[in-house]
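Both counts, for ligands and for their atoms, begin at 1 and track the order of listing.
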Amino acid sequence: MTEVRPHPLSGDELERLSELLQHWTGMTFGEKRGYYLERRLRERMRRSGSADPCAYFTRLLADAAERQALINAVTINETYFYREDHQLAALSKDILPEIASRRRPGDRIRIWSLPCSTGEEGYSIALWLLDNWPMVDAYHVEIVGSDIDTDALAAAREGRYGQRALARLPDAARQAYFEPEHNHEFRIIEDLRQSVTFTQINLIDSRSVGTAGKFDVIFCRNLLIYFDEPARTAAAANLFDALDPGGYLCLGHSESMARIDPRFTFVRLDDAIVYRRD
Ligand SMILES: C[S@@+](CC[C@H](N)C(=O)[O-])C[C@H]1O[C@@H](n2cnc3c(N)ncnc32)[C@H](O)[C@@H]1O
């Protein structure tokens, strides 16, 4: 088969693509990321055998699989174990004991890692609770990881990680909860893989978010920074609706709900600033 060489994209075409992606995902691709976007787009066009940008855009509207493949190609999946672990400390020291004080032993406590990317955040929550929250076995703790990117979710379910992803993890945790594999990779043990459920959710789509049910704690870190204003507002409303009253929201260190949705209560804990749905 002869290799397809996609035609160069005009500024207008790139802008059109950027608008489509923004509409589907909430992520903005300003001028600074034009080159990044163009490279990913041309790669997708080449792989899907499309030379003409206009024909490819029409295809994107009709072909859900190609649309998903393009979304997977443009997402930024940067993440690692024990990222911003002061929030994990707040989870085990303040947030869960407070929630547990309103529940009975055996009750369900639901924690959501959204976006979870390749799984490091959801598994970090599981590992941290095993090692740092003595009451973990007294409750039915359910951890869900969600992302828009289906390739990232497949990698999360596999649970294989390289040195870079594990660099912040204490050696004892690595030895206890990972099995070494070839290529210097480590696979998180089966029991832990079973402890996190991964599902595809689009945070800016209220119907998609609604399918996940209600949560006591949501970690939504390092996604709002990629969103434009309307997407942030939609995301905030969806996060609010997904929290049970009394539930907590943890954002990334450069993100804030202050100017997005006044319904969240700002809570300053010893280890972290979080938000609560009162
Ligand atoms: C930088 S990662 C953050 C991962 C993790 N929360 C962390 O802080 O380490 C951002 C993730 O957001 C996901 N994403 C982008 N748009 C999304 C959307 N509309 N809904 C859900 N996830 C989305 C991307 O696929 C990517 O995996």
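Within the structure, ligand 1 has Phe227 among the residues with a heavy atom less than 4.0 angstrom away.
A salt bridge links Arg232 with Glu229: the distance from a Lys NZ or Arg NE/NH1/NH2 to an Asp or Glu carboxylate oxygen falls below 4.0 Å. Ion pairing between a basic and an acidic side chain is recognised when a charged N comes within 4.0 Å of a carboxylate O; Glu43 and Arg47 show such pairing. Salt-bridge check for Asp216 with Arg103: passed, with a basic side-chain N closer than 4.0 Å to an acidic carboxylate O.
Taking the six-membered ring where the residue is Trp, Phe198 and Tyr123 present perpendicular rings, their angle passing 60° and hence far from 30°.
Near Asp149, with a cut-off below 4.0 Å to any heavy atom, the atoms of ligand 1 are 25 (O). If you number the atoms of ligand 1 from 1 as listed, the ones under 4.0 Å from a heavy atom of Thr75 come out as 24 (C), 25 (O). Heavy-atom proximity to Glu121, at under 4.0 Å, picks out these atoms of ligand 1: 5 (C), 6 (N), 7 (C), 8 (O).
Distance from atom 9 (O) of ligand 1 to its nearest protein heavy atom, with residue and atom name: Thr79 OG1, 2.6 Å. In this structure, atom 7 (C) of ligand 1 lies nearest to the protein heavy atom Arg83 NH1, 3.2 Å. In this structure, the protein non-hydrogen atom closest to atom 8 (O) of ligand 1 is Asn222 ND2, 2.8 Å.
The closest heavy-atom contact to atom 23 (C) of ligand 1, among the options Leu114, Leu21, Val74, Ile148, comes from Ile148. Counting only non-hydrogen atoms, the option in Gly26, Ala152, Pro115, Ala235 that gets closest to atom 12 (O) of ligand 1 is Pro115. In the candidate list Asp205, Asn202, Asp147, Thr150, Asp147 is nearest to atom 13 (C) of ligand 1, counting heavy atoms. In the candidate list Leu153, Asn238, Leu223, Leu223 is nearest to atom 15 (C) of ligand 1, counting heavy atoms. Among Leu203, Leu224, Ile76, the residue whose heavy atom lies nearest to atom 20 (N) of ligand 1 is Leu203.
Taking only nitrogen or oxygen atoms, main chain and side chain alike, Tyr226 does not reach within less than 3.5 Å of ligand 1.
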For Trp128 and Tyr82, what are the C-alpha separation, side-chain angles and deciding distance, and is it a ring pair (Phe, Tyr, Trp, His ring centres under 6.0 Å)? CA-CA 8 Å; Trp128 183 275; Tyr82 282 20; 5.4 Å; yes
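Between the side chain of Thr25 and the backbone N or O of Met27 there is at least one donor-acceptor pair closer than 3.5 Å. In this structure, Arg110 contributes its side chain and Lys214 its backbone to a donor-acceptor pair below 3.5 Å.
Side-chain contact between Thr211 and Ile201 is present, with heavy atoms from C-beta onward closer than 4.5 Å. Inter-residue side-chain proximity for Phe219 and Glu121 is flagged as met; some heavy-atom pair is nearer than 4.5 Å.
Contacts with ligand 1 closer than 4.0 Å are made by backbone heavy atoms (N, CA, C, O) of Ile201 only, the side chain lying farther away. Neither the backbone nor the side chain of Glu84 comes within 4.0 Å of ligand 1, counting heavy atoms alone. Heavy atoms from both the backbone and the side chain of Arg221 come within less than 4.0 Å of ligand 1.
Aromatic pair Tyr248/Tyr275: ring centres not closer than 6.0 Å.
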